[in-house]
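Worksheet for the structure shown next.
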Amino acid sequence: MNDRDVRVYEVGPRDGLQNEATPIPTQAKLRFIGLLADAGLREIEATSFVSPRAIPQLADADDLMASLERREGVRHPVLVPNRRGLERAEAAGVDAIAVFTAASEPFTRANINMSIAESIDAFRPVIQHARDHGWWTRGYVSTAFGCPYQGEVDEAAVVGVAGELLELGIDELSVGDTIGVAGPSDVRRVVGALTASGIGVERLAMHFHDTRGTALANVATALELGVRCFDASTGGTGGCPYAPGAAGNLATEDLVYLLDREGLSHGIDLDALLVAAAHVAETLGRPLGTKVGQAGGWRVP
Ligand code: COA
Ligand code: ZN
């Protein structure tokens, strides 16, 4: 990858839809994923193999993955919290998984009913199995910039859990502002601590929520620090049911517009992406609040 290339990792079908009150038919999710691939997205997180009681919105994961059209060059990672999730994912024929923990104990307990240390132990055999099969793997560190239960999170806690996840052999680490509280100086502080600990910036992805309108400022800062992978959700939906107050992910359309203005390449067609965003709005039966979704791209007269 060249320094002007940015990977956009789409989380709309998973992070985006997991918090929606409206039940969404599997067919509508499949169409959404298809439209995202049509728009040029090459990494589309499809769903989670978690407890259907924890996330009822993604209870159709097995059916969804069985019907999903695999396209050449498109990766469809799924979230896996434990061995049971791994078995389901394997039966569904996945070749990319993400495990997820956090930098704060109370959130980790609320979200996956484990301590951070227990989560690392639970992931060890999961990641080992994935690596034995040549799958791509990612680890999430949620609440890296703030926790809904604990408040501020020390960057040392982020560095600690990041190091343990990387030691398991994951390919990529996604550092999450789960409740959307960070500003640019927090990004400098946390990314700086991670890289100072010896983690290469090319291993990092940033996962911003736009709860308080700071997501794009944080992306711009992370770009300056050398980060070249960003998570985003088309339509700006999203949030974790175990993170009270978490609002939407950074919208993919807002991210793509910024990347275009910065002259960075990403392979995504903004107009086609807006078609996928319109499909989300139609499925949810409400207009979406994303900036570029409302204004469109800039058509120079
Ligand atoms: N897929 C399906 N069902 C699962 C499962 C999985 N991966 N893991 C556990 N279960 C089921 C068990 O079979 C059990 O069902 P039963 O009560 O009908 O027997 C039940 O869930 C509880 O299992 P247990 O092992 O005791 O798990 P837990 O209650 O401690 O919950 C998790 C742990 C990780 C399974 C659960 O908290 C979870 O799925 N969290 C995901 C949260 C999430 O996705 N958040 C958003 C992403 S940030
Ligand atoms: Zn998120």
Side-chain angles (χ1 to χ4, degrees), residues 9-20 45-65 77-92 94 97-104 106-116 118-123 125-126 129-130 138-149 161 165 173-182 205-212 214-215 218-219 229-252 255:
Y9 182 100
E10 171 71 36
V11 295
R14 195 279 301 170
D15 206 0
L17 301 185
Q18 75 185 5
N19 203 28
E20 285 296 333
E45 200 168 79
T47 185
S48 300
F49 286 96
V50 296
S51 159
R53 250 196 298 231
I55 310 280
Q57 293 85 343
L58 303 182
D60 63 348
D62 310 80
D63 289 345
L64 180 112
M65 291 311 285
V78 298
L79 259 57
V80 167
N82 54 19
R83 277 182 190 273
R84 170 97 186 84
L86 178 71
E87 285 161 18
R88 291 173 62 204
E90 181 153 35
V94 312
I97 62 165
V99 295
F100 54 108
T101 184
S104 63
F107 177 80
T108 312
R109 178 59 64 189
N111 194 37
I112 54 175
N113 193 26
M114 300 179 212
S115 67
I116 298 169
E118 283 165 353
S119 74
I120 299 293
D121 287 341
F123 302 156
V126 170
H129 184 97
R138 166 183 254 226
Y140 280 99
V141 180
S142 293
T143 65
F145 297 91
C147 169
Y149 308 107
V161 65
L165 281 169
L173 187 79
S174 175
V175 182
D177 185 12
T178 311
I179 53 171
V181 291
M206 299 308 292
H207 180 109
F208 294 122
H209 281 249
D210 205 23
T211 319
R212 293 170 179 80
T214 54
N218 293 340
V219 167
C229 181
F230 295 94
D231 299 358
S233 165
T234 296
T237 56
C240 175
Y242 300 97
N249 285 84
L250 167 61
T252 314
L255 173 64

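Counting starts at 1 for both ligands and their atoms, in listed order.
Nearest protein heavy-atom neighbour of atom 32 (C) of ligand 1: Ile112 O, 4.1 Å. Given atom 16 (P) of ligand 1, the protein heavy atom at minimum distance is Arg53 NH2, 3.2 Å. Looking only at protein heavy atoms, the nearest one to atom 44 (O) of ligand 1 is Ile55 CG1, 3.4 Å. Protein heavy atom in closest approach to atom 38 (C) of ligand 1: Ala54 CB, 3.6 Å. Remark: minimum distance from atom 29 (O) of ligand 1 to any protein heavy atom is reached at Asn113 ND2, 4.1 Å. If you check which protein heavy atom lies closest to atom 5 (C) of ligand 1, you get Arg84 CG, 3.4 Å. What sits closest to atom 47 (C) of ligand 1 on the protein, heavy atoms only, is Arg14 NH1, 3.6 Å.
Counting only non-hydrogen atoms, the option in Ala59, Ser51, Ser48 that gets closest to atom 39 (O) of ligand 1 is Ser51. Comparing Thr143, Asn111, Val50, Asn82 against atom 37 (O) of ligand 1, the shortest heavy-atom distance belongs to Asn111. Nearest-heavy-atom check against atom 2 (C) of ligand 1 across Glu118, Arg88, Met114 picks out Arg88.
Closer than 2.8 Å to the Zn ion (ligand 2) sit the protein N, O or S atoms Asp15 OD2, His207 NE2, His209 NE2.
Any N or O atom pair closer than 3.5 Å counts here, and Phe49 shares at least one such pair with ligand 1.
Numbered from 1 in the order shown, with element, the atoms of ligand 1 that lie under 4.0 Å from a heavy atom of Gly85 read 7 (N).
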